[in-house]
Number of protein chains: 2
Amino acid sequence: MDGATQGGAKAARPLTLYRKVAADLGREISEGAYGSGGRLPAEGELAERYGVSRGTIRQALSVLRANGLVTSRRGTRRVVLRTAHVQSFGELLSFTRWARSMGEEPGGRIVRLDLDRADGTEREQLRLDDGARVCRMLRVRTLSGRPVMVERTVYPEAIGALVAELDADTVSYTVRLEEQGVLFADAQHTLDLVQADKDDAELLGCRPGEPLLRERRRSTDPAGAPIEWSEDRYLPGTVAFTVHSSATSGSLARRPGTPPA
Amino acid sequence: MDGATQGGAKAARPLTLYRKVAADLGREISEGAYGSGGRLPAEGELAERYGVSRGTIRQALSVLRANGLVTSRRGTRRVVLRTAHVQSFGELLSFTRWARSMGEEPGGRIVRLDLDRADGTEREQLRLDDGARVCRMLRVRTLSGRPVMVERTVYPEAIGALVAELDADTVSYTVRLEEQGVLFADAQHTLDLVQADKDDAELLGCRPGEPLLRERRRSTDPAGAPIEWSEDRYLPGTVAFTVHSSATSGSLARRPGTPPA
DNA sequence: GAGTGGTCTAGACCACCGA
DNA sequence: CGGTGGTCTAGACCACTCC
């Protein structure tokens with residue numbers, strides 16, 4: 001188990017020096033080598049230990065800082081903030097990989113899959129021209145057979161063509177798409193609360209109007225082109241989202257909500 | 001309006017070169033100078049334009065990338081991902097600053113404020129010793145007079161002493177604490193869904209059992225010492241949280257949920 | 001093949017923290 | 001005051017994208 005290439009995209013990122021150092025330090029931290037609240041060795045010491053320059057060490061440490069594992073401030077050695085496992089981008093985007101990382105058995109069933117002209121919102125989210133077509137998918141996702149989430153995903157036509165070719169009982173479309181060269185590089189998420197509509201209620205086995213945790217997501221490839229626009233609705237108590245934010249690099253924000261109709 | 005020092009912590013961060021460049025480029029992007037999906041100038045060109053080294057330009061661009069504004073990949077110029085305004089860490093932590101940034105009038109009322117021995121969870125979250133004491137605060141927060149959120153915050157005794165000295169009608173405790181030298185550097189957030197208890201219902205004017213969007217937050221200072229542990233519960237439709245995540249530096253994760261009792 | 005961003009090095013100076 | 005991380009420079013080589 002390497003930890004660096006693991007838990008994520010099939011397209012292996014190159015094992016650069018700083019990534020190896022970051023993975024190594026991250027493992028040490030999660031194993032409690034420095035304790036919670038403990039102090040890391042100085043940059044210079046690490047540079048000597050790994051036989052690399054200070055710049056490379058700093059690049060590695062900036063990864064740990066971005067993941068919320070350590071602080072960093074002038075004058076003092078870095079302090080361990082958390083010893084928890086850091087979830088990879090792959091585990092975040094793929095329900096299947098997330099489920100397996102918890103030791104649960106993921107499942108799913110496609111309820112609807114069709115090709116249609118994109119409406120206004122879809123064109124805007126996927127940055128499509130007038131008259132462009134999209135592939136819409138409605139799926140219910142299960143953990144160990146128990147339905148927990150309804151997923152509505154919209155793909156641009158080109159991606160949708162790949163999706164349509166896959167077996168209907170494919171477990172993870174995300175993984176399959178990556179295998180076909182569709183790389184997920186960035187995603188923008190919005191989290192709020194909605195009421196179950198009639199479809200949701202039927203698929204999840206709850207009453208219409210029941211509250212659900214909603215995640216809307218727009219994923220883009222390395223070139224910045226939209227790959228998918230998705231809306232996931234989770235039953236209460238099945239999931240929680242965690243985020244780290246810091247004064248130097250925050251990615252979390254609070255926005256005005258839209259009343260649930 | 002400067003943009004670089006604005007919208008946040010009173011403790012002004014030094015205006016370093018790369019911060020100035022990042023602020024400048026960020027402003028250009030939000031003004032649409034490169035369009036949505038457009039390409040940024042090359043690093044070398046920017047280095048020449050600003051009269052700094054390529055390293056400094058790269059540091060500035062990494063800020064924009066962390067904020068989800070631009071992509072970056074080998075071989076091509078950077079692409080603009082979003083032109084939206086980036087919310088600062090200060091706006092995220094302070095309900096008051098967030099409200100004002102939207103043009104709403106923030107308000108609040110302290111319902112309870114007391115000093116007590118910390119229980120097990122509190123000791124763990126605030127990293128306190130056995131027998132340590134904490135300050136607990138229960139507040140209802142309003143937007144333009146309308147109650148939208150119930151906030152339960154726990155402070156370590158030292159911070160609590162500062163809190164207790166403030167006027168009961170203080171609008172923003174976060175801002176006041178920062179003025180007293182308490183700096184917020186990092187925060188870990190967990191988002192999920194709960195049902196309103198009797199207190200929530202009374203304070204928010206809803207029925208017990210009504211669904212609420214919950215944000216639990218643990219904030220630490222630059223040294224990594226816990227400052228506050230807070231649980232905020234929002235009425236549906238009043239707020240949404242947005243996060244950016246990327247393959248190279250993700251801070252968002254999905255966790256198993258806890259059933260709402 | 002030309003242009004671009006990614007990685008890595010070596011060194012310099014400074015601001016800050018804590019003893 | 002010594003040790004630490006933050007900032008900035010100058011240069012090198014490489015992997016990749018696109019024409």
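Order of the sequence lines fixes the chain letters, A, B, ..., with proteins taken first and strands second; residue numbering starts at 1 for each chain.
Regarding A:Leu15, its CG atom lies at a distance of 18 Å from the P atom of C:dG6, rounded to whole Å. What separates CD of A:Glu43 from C1' of C:dA10 is a distance of 15 Å, to the nearest Å. Protein atom CZ of B:Arg19 is 10 Å distant from nucleotide atom P of D:dG6, rounded to whole Å. If you measure from atom CG of B:Leu40 to atom P of C:dG6, you get 12 Å, rounded to the nearest angstrom. One atom, CZ of B:Arg77, and another, C1' of C:dG6, lie 17 Å apart when rounded to the nearest Å. For A:Arg58 and C:dC8, the CZ to P distance is 15 Å, given to the nearest whole Å. In this structure, B:Leu64 atom CG and C:dG5 atom C1' are separated by 15 Å, rounded to whole Å. In this structure, CD of B:Glu45 is placed 8 Å from P of C:dT4, rounded to the nearest angstrom.
Nucleic acid contact for B:Leu17: sugar-phosphate only, since backbone atoms but no base atoms lie under 4.0 Å from a heavy atom of the residue. B:Arg78 comes within 4.0 angstrom of sugar-phosphate atoms only, judged by non-hydrogen atoms across all strands, and of no base.
Taking the side chain of B:Ala42 as heavy atoms from C-beta on, and the options C:dC8, C:dG5, D:dT9, the nearest nucleotide is C:dG5.
Checking the phosphate oxygens (OP1, OP2) of C:dG6, a side-chain nitrogen or oxygen of B:Ser72 falls inside 4.0 Å.
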| field | CA sep, side-chain torsions, deciding dist, call: B:Leu46, B:Glu43, side chain to side chain contact (heavy atoms under 4.5 Å, CB included) | value | CA-CA 5 Å; B:Leu46 289 173; B:Glu43 293 178 356; 5.8 Å; no
| Would B:Ile159 and B:Glu228 satisfy side chain to side chain contact (heavy atoms under 4.5 Å, CB included), going step by step from the backbone distance to the final call? | CA-CA 8 Å; B:Ile159 309 280; B:Glu228 59 157 10; over 6 Å; no
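Exactly one of B:Arg117, B:Arg123, B:Arg133 qualifies for a salt bridge (Lys or Arg N to Asp or Glu O under 4.0 Å) with B:Glu157. That residue is B:Arg133.
Residues A:Asp186 and B:His244 bring a donor and an acceptor atom of their side chains to less than 3.5 Å of each other.
At its two ends the helix from C:dG1-D:dC18 to C:dG18-D:dC1 runs along axes set 20° apart, each axis drawn from five pairs and the angle rounded to 10°.
No more than 12 heavy atoms of other residues, nucleotides or ligands sit less than 6.0 Å from atom CZ of B:Arg39. Summarising the local packing, CD of B:Glu48 is surrounded by 12 or fewer heavy atoms from other residues, nucleotides or ligands at distances under 6.0 Å.
Nearer the 5' end of DNA chain C, as judged by each residue's closest nucleotide, is the contact made by B:Arg39, out of A:Gly55 and B:Arg39.
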| task | Between protein and nucleotides 12-19 of chain D, map the contacts as a letter string: B base, S sugar-phosphate only, - none, heavy atoms under 4.0 Å, written 5' to 3'. | result | B--BBBS-
